[in-house]
Amino acid sequence: MTRSGTSREIVVGVDPLDPSVPTLAWAADEADRRNLPLRLVLAVPPLHDTQHVDSTPRRMSLQAKGREALDSARETVLRLSPGLPVATELLDGRPAAVLCRSAGAAHARMVVVGSRRLSTPAEILGMHSVAAPLSAQADCPVVVVRAPENTANLSARLVVGVDGSDSSRVALRFAFEEAGLRRAPVHAVLVWQRPAFALAGEESVREGSARILAAAVAEYSTDHPDVRCTQETRHGHPVEELARASAGTLGVVVGRRGRGGYTGMRLGSVPHGLLHRAECPVITVPGES
């Protein structure tokens with residue numbers, strides 16, 4: 001997972017087209033809670049038409065707008081958390097790649113970004129897409145924040161998806177750690193689907209799922225006795241059910257890869273689906289390194 005022993009900063013990706021106050025607030029709150037400094041990073045992507053004579057003035061304009069956005073973001077953070085150490089960094093390159101490099105250089109505890117809820121093709125193919133490639137490649141947890149519709153109705157709990165895989169155990173550990181810092185409960189959810197050619201009946205599959213969930217939770221409940229954890233098994237599609245279970249909560253935590261997908265996938269189908277469906281922050285946790 002992340003190198004927690006040497007983690008030094010919380011890194012925030014700043015989007016000059018959509019400066020997200022909820023994203024900055026989430027990151028500042030996390031930095032305060034963990035007693036870590038904040039690094040605001042803005043990437044200036046390469047121009048498509050670099051052969052045009054106006055490419056240099058256009059690039060200077062983009063850089064100037066980037067500096068303005070960073071200065072504005074820093075002022076916002078300091079209004080929210082006076083005294084918080086905040087650094088800014090304007091870098092050249094595609095945003096997801098730049099944020100991965102910056103987080104690695106900073107030994108970041110996590111990277112926090114906002115999301116404009118791009119369509120799936122745009123998120124995968126667009127030059128400015130950040131959430132999916134960053135969640136797939138960063139060496140530390142990635143938090144994708146959206147503005148809640150009604151903050152007064154937020155439930156003070158973290159939802160974590162469990163499927164018995166090594167990846168979900170790492171996510172469960174992170175969820176307990178985060179909940180302990182927030183003094184919030186954890187709601188662990190395992191979504192089961194009966195295989196088309198299963199020999200066991202539905203009740204047997206449900207009971208087996210409950211046992212897997214209980215065993216996974218017990219492993220970390222012992223290490224975090226002050227964190228209250230509830231458990232729930234659901235039948236259905238993991239993305240749909242986790243999105244429903246986490247609606248209006250502090251966030252949903254998932255491992256980067258679960259039992260689904262194929263060897264070589266960097267981001268599993270469940271975290272990728274939640275990036276487009278969940279109405280709360282999505283926290284994707286990489287596996288052990």
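Taken from CG in Leu190 to CD in Glu241, the straight-line distance is 11.5 Å, to the nearest 0.5 Å. Taking CG of Asp163 as the start and CD1 of Ile212 as the end, the distance is 8.5 Å to the nearest 0.5 Å. Thr230 OG1 to Arg157 CZ: the interatomic distance, rounded to the nearest 0.5 Å, is 5.5 Å. For the atom pair CG of Leu267 and NE2 of His272, the computed distance is 6.0 Å after rounding to the nearest 0.5 Å. Once rounded to the nearest 0.5 Å, the distance linking CZ of Arg33 with CG of Leu181 reads 7.0 Å. Rounding to the nearest 0.5 angstrom, the gap separating the SG atom in Cys280 from the CG atom in Leu250 is 9.0 Å.
Side-chain contact check for Ser20 versus Asp15: every heavy-atom pair is 4.5 Å or farther apart. Two residues are said to be in side-chain contact when any heavy atoms from C-beta on lie closer than 4.5 Å; Leu24 and Leu40 meet this criterion. Two residues are said to be in side-chain contact when any heavy atoms from C-beta on lie closer than 4.5 Å; Glu30 and Asp32 fail this criterion. By the 4.5 Å heavy-atom criterion applied to side chains, Val98 and Arg101 are counted as neighbours. Residues Arg94 and Pro46 have side chains in contact (heavy-atom distance under 4.5 Å, counting atoms from C-beta outward). Pro185 places none of its side-chain heavy atoms less than 4.5 Å from the side chain of Cys229. Counting only heavy atoms from C-beta outward, the side chains of Leu42 and Pro16 approach each other to under 4.5 Å. Side-chain contact between Val285 and Val253 is present, with heavy atoms from C-beta onward closer than 4.5 Å.
Under a hydrophobic-cluster definition in which Ile, Leu, Val, Met, Phe, Trp and Tyr are linked whenever side-chain heavy atoms come within less than 4.5 Å, directly or via other members, Val113 and Leu91 are assigned to the same cluster. Note on Val12: it clusters hydrophobically with Leu78, by side-chain heavy-atom contacts below 4.5 Å among ILVMFWY residues.
Between the side chain of Thr233 and the backbone N or O of Ala210, no donor-acceptor pair lies under 3.5 Å. At least one donor-acceptor pair under 3.5 Å links the side chain of Ser165 to the backbone N or O of Ser168. A distance-only check finds no donor-acceptor pair linking the side chain of Arg256 to the backbone of Gly287 [under 3.5 Å]. The main-chain N or O of Ala218 is found under 3.5 Å from a side-chain atom of Thr222 such that the two form a donor-acceptor pair.
When every heavy atom of Asp223 is checked against every heavy atom of Glu219, the shortest pair comes out as OD2-O, 3.7 Å. Between Ala175 and Val160 the shortest heavy-atom distance is CB-CB, 3.8 Å. Contact record, Arg109 with Pro141: O-CD, 3.3 Å, taken as the closest heavy-atom pair. The shortest heavy-atom contact between Val252 and Ala278 is CG1-CB, 4.4 Å. Heavy atoms only, all atoms of each residue included: Ala179 and Leu158 are closest at N-CD1, 3.8 Å. Residues Leu90 and Gln63 approach most closely at CD2-O, 3.6 Å, considering heavy atoms.
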Show your working on side chain to side chain contact (heavy atoms under 4.5 Å, CB included) between His187 and Val189 and close with a plain yes or no.
CA-CA 6 Å; His187 185 57; Val189 179; 3.5 Å; yes
Verdict with supporting geometry, Val144 and Ser135, side chain to side chain contact (heavy atoms under 4.5 Å, CB included)
CA-CA 9 Å; Val144 179; Ser135 298; 4.1 Å; yes
Please determine whether side chain to side chain contact (heavy atoms under 4.5 Å, CB included) holds for the pair Ser102 and Arg39, giving the CA-CA distance in whole Å, both sets of side-chain angles, and the decisive distance to 0.1 Å.
CA-CA 9 Å; Ser102 183; Arg39 178 172 296 275; 3.9 Å; yes
Quick one, Glu177 with His224, criterion side chain to side chain donor-acceptor pair (under 3.5 Å). Give me CA distance, side-chain angles, the key distance, then yes/no.
CA-CA 8 Å; Glu177 175 191 328; His224 299 272; over 6 Å; no
Check the pair Glu9, Arg34 against salt bridge (Lys or Arg N to Asp or Glu O under 4.0 Å), reporting the backbone distance first and the verdict last.
CA-CA 9 Å; Glu9 294 180 333; Arg34 294 179 178 272; over 6 Å; no
CA sep, side-chain torsions, deciding dist, call: Val282, Val143, side chain to side chain contact (heavy atoms under 4.5 Å, CB included):
CA-CA 6 Å; Val282 177; Val143 186; over 6 Å; no
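For Arg182 and Trp26, the positive end sits near the middle of the six-membered ring, less than 6.0 Å away and at most 45° from its axis.
For Glu240, the side-chain contact (heavy atoms from CB on, under 4.5 Å) partners are His237, Arg244, Arg277, not counting sequence neighbours.
Side chain to side chain, Arg206 and Ser209 fail the donor-acceptor criterion of an N or O pair below 3.5 Å.
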